[in-house]
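What you see is a predicted model; the values in this text were computed from it and never measured. For the numbers below, each heavy atom of this structure counts, side chains included, while hydrogens, waters and symmetry mates do not.
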Amino acid sequence: MRNEFERMSSRQPMDTLSMKRYELPPPPPGKMTDGSAWSECVDNSFAQLEHQATRLMNLELLSENGSEAWKSHNEELQRMLTRAQAELADLKKAVQEVNWSRKSLQTKAGEELRHLESTWVSLVSRNYDIEQACVNLQRQVDRYSDMVNAKESSNDSISNNQNHNNVNNVTNNDDAMEL
């Protein structure tokens with residue numbers, strides 16, 4: 001094929017048909033008197049004649065039945081094409097249904113993910129608020145604890161002073177009673 005296209009593109013003429021196969025050669029020059037060589041040539045001519053007769057018979061059959069066989073073949077090709085197109089349409093429909101189903105599932109999953117993300121964000125925010133409240137409460141506890149400790153130490157010093165005063169009063173009272 002490539003050679004033929006190259007020949008056509010270079011605008012060279014087509015090769016003439018070789019008629020060599022249809023020739024009936026005589027025996028070689030050295031065997032012109034040999035009967036067996038002539039017998040082989042006659043057998044070759046009968047074979048070629050039979051081949052040509054078979055070709056003529058095929059051409060006659062083709063001219064008689066070829067158009068019907070060709071029409072039948074074309075009808076079968078048309079049926080095959082119709083079946084293939086129907087199968088293609090079914091496959092396209094199935095692919096479309098799969099794509100729609102997948103898109104629907106992905107959309108639902110996306111909505112679920114957005115809901116879960118917003119829930120997560122609100123929970124994290126609440127946890128942060130709780131941690132802040134805990135820190136503030138701890139500060140208040142520490143402040144009240146410091147106040148209680150300060151009050152206790154001032155009470156202790158007051159109590160020690162009162163005890164000392166009480167001891168002095170008792171001592172003064174004892175001294176006064178002795179007098």
Side-chain angles (χ1 to χ4, degrees), residues 1-24 44-159:
M1 279 302 255
R2 186 178 303 156
N3 291 340
E4 187 63 20
F5 282 125
E6 288 173 2
R7 180 197 62 79
M8 288 171 55
S9 65
S10 65
R11 299 182 186 265
Q12 294 178 354
M14 197 166 106
D15 293 338
T16 57
L17 291 176
S18 171
M19 302 301 284
K20 185 118 178 118
R21 65 184 286 189
Y22 302 112
E23 292 177 0
L24 295 173
N44 181 24
S45 64
F46 280 134
Q48 285 193 27
L49 183 63
E50 190 61 33
H51 176 69
Q52 292 299 325
T54 303
R55 289 186 69 194
L56 281 174
M57 187 185 318
N58 284 339
L59 286 173
E60 286 174 6
L61 287 172
L62 179 64
S63 68
E64 289 174 14
N65 304 316
S67 63
E68 290 302 316
W70 188 252
K71 286 178 189 176
S72 174
H73 177 69
N74 283 343
E75 288 171 0
E76 179 60 28
L77 288 176
Q78 189 62 39
R79 284 190 295 273
M80 289 171 64
L81 176 64
T82 303
R83 282 191 305 267
Q85 286 175 337
E87 187 177 340
L88 175 64
D90 291 343
L91 287 173
K92 282 184 177 181
K93 183 178 177 183
V95 165
Q96 188 67 32
E97 288 174 4
V98 165
N99 285 339
W100 283 339
S101 172
R102 189 178 65 218
K103 182 179 180 180
S104 174
L105 288 173
Q106 288 175 348
T107 302
K108 287 178 185 176
E111 290 170 5
E112 176 82 13
L113 284 173
R114 279 188 289 282
H115 172 71
L116 291 172
E117 182 181 15
S118 68
T119 303
W120 177 80
V121 166
S122 69
L123 289 174
V124 167
S125 177
R126 281 180 50 199
N127 280 345
Y128 178 75
D129 291 342
I130 290 170
E131 285 179 13
Q132 285 300 108
C134 287
V135 167
N136 290 337
L137 286 174
Q138 185 62 46
R139 285 182 189 153
Q140 284 181 355
V141 166
D142 290 344
R143 203 172 21 181
Y144 289 141
S145 177
D146 289 344
M147 288 173 53
V148 167
N149 287 339
K151 197 167 202 169
E152 285 179 359
S153 73
S154 95
N155 282 344
D156 283 345
S157 66
I158 292 173
S159 177

Checking Asn99 against Arg102: is there a side-chain donor and acceptor pair closer than 3.5 Å? yes

Modelled atom types, side-chain donor and acceptor of Asn136 and Gln132, under 3.5 Å: no

Under a 4.0 Å threshold between the charged nitrogen and the carboxylate oxygen, would [Y] count as salt-bridged to [X]?
{"X": "Lys108", "Y": "Glu111", "result": "no"}
{"X": "Glu87", "Y": "Lys93", "result": "no"}
{"X": "Glu76", "Y": "Arg79", "result": "yes"}

How many angstroms lie between atom [atom1] of [X] and atom [atom2] of [Y], to the nearest 0.5 angstrom?
{"X": "Ser10", "Y": "Phe5", "atom1": "OG", "atom2": "CZ", "value": "13.0 Å"}
{"X": "Glu60", "Y": "Asn65", "atom1": "CD", "atom2": "CG", "value": "11.5 Å"}
{"X": "Ser63", "Y": "Asn58", "atom1": "OG", "atom2": "CG", "value": "11.0 Å"}
{"X": "Asn74", "Y": "Leu81", "atom1": "CG", "atom2": "CG", "value": "11.5 Å"}
{"X": "Glu4", "Y": "Met14", "atom1": "CD", "atom2": "CE", "value": "7.0 Å"}
{"X": "Met57", "Y": "Leu61", "atom1": "CE", "atom2": "CG", "value": "7.0 Å"}

Side chains of [X] and [Y], heavy atoms from C-beta outward: is any pair under 4.5 Å?
{"X": "Ser45", "Y": "Leu49", "answer": "no"}
{"X": "Leu105", "Y": "Ser101", "answer": "yes"}
{"X": "His51", "Y": "Thr54", "answer": "no"}

Test item: [X] side-chain N/O and [Y] main-chain N/O as donor-acceptor pair under 3.5 Å:
{"X": "Thr82", "Y": "Gln78", "value": "yes"}
{"X": "Thr107", "Y": "Lys103", "value": "yes"}
{"X": "Thr119", "Y": "His115", "value": "yes"}
{"X": "Ser104", "Y": "Trp100", "value": "no"}

Could you check Leu123 against Arg126 for side chain to side chain contact (heavy atoms under 4.5 Å, CB included), going step by step and ending with a plain yes or no? CA-CA 5 Å; Leu123 289 174; Arg126 281 180 50 199; 4.0 Å; yes

Of Val141, Val135, Leu137, which meets side-chain contact (heavy atoms from CB on, under 4.5 Å) against Arg139? Val135

Would one find more than 12 heavy atoms of other residues, nucleotides or ligands at under 6.0 Å from atom CD of Glu117? no

Mark yes when over 12 heavy atoms from residues, nucleotides or ligands other than Glu50 sit less than 6.0 Å from its CD; otherwise mark no. no

Side chain to side chain contact (heavy atoms under 4.5 Å, CB included), that's the test. Do Ile130 and Cys134 meet it? Break it down for me. CA-CA 6 Å; Ile130 290 170; Cys134 287; 4.2 Å; yes

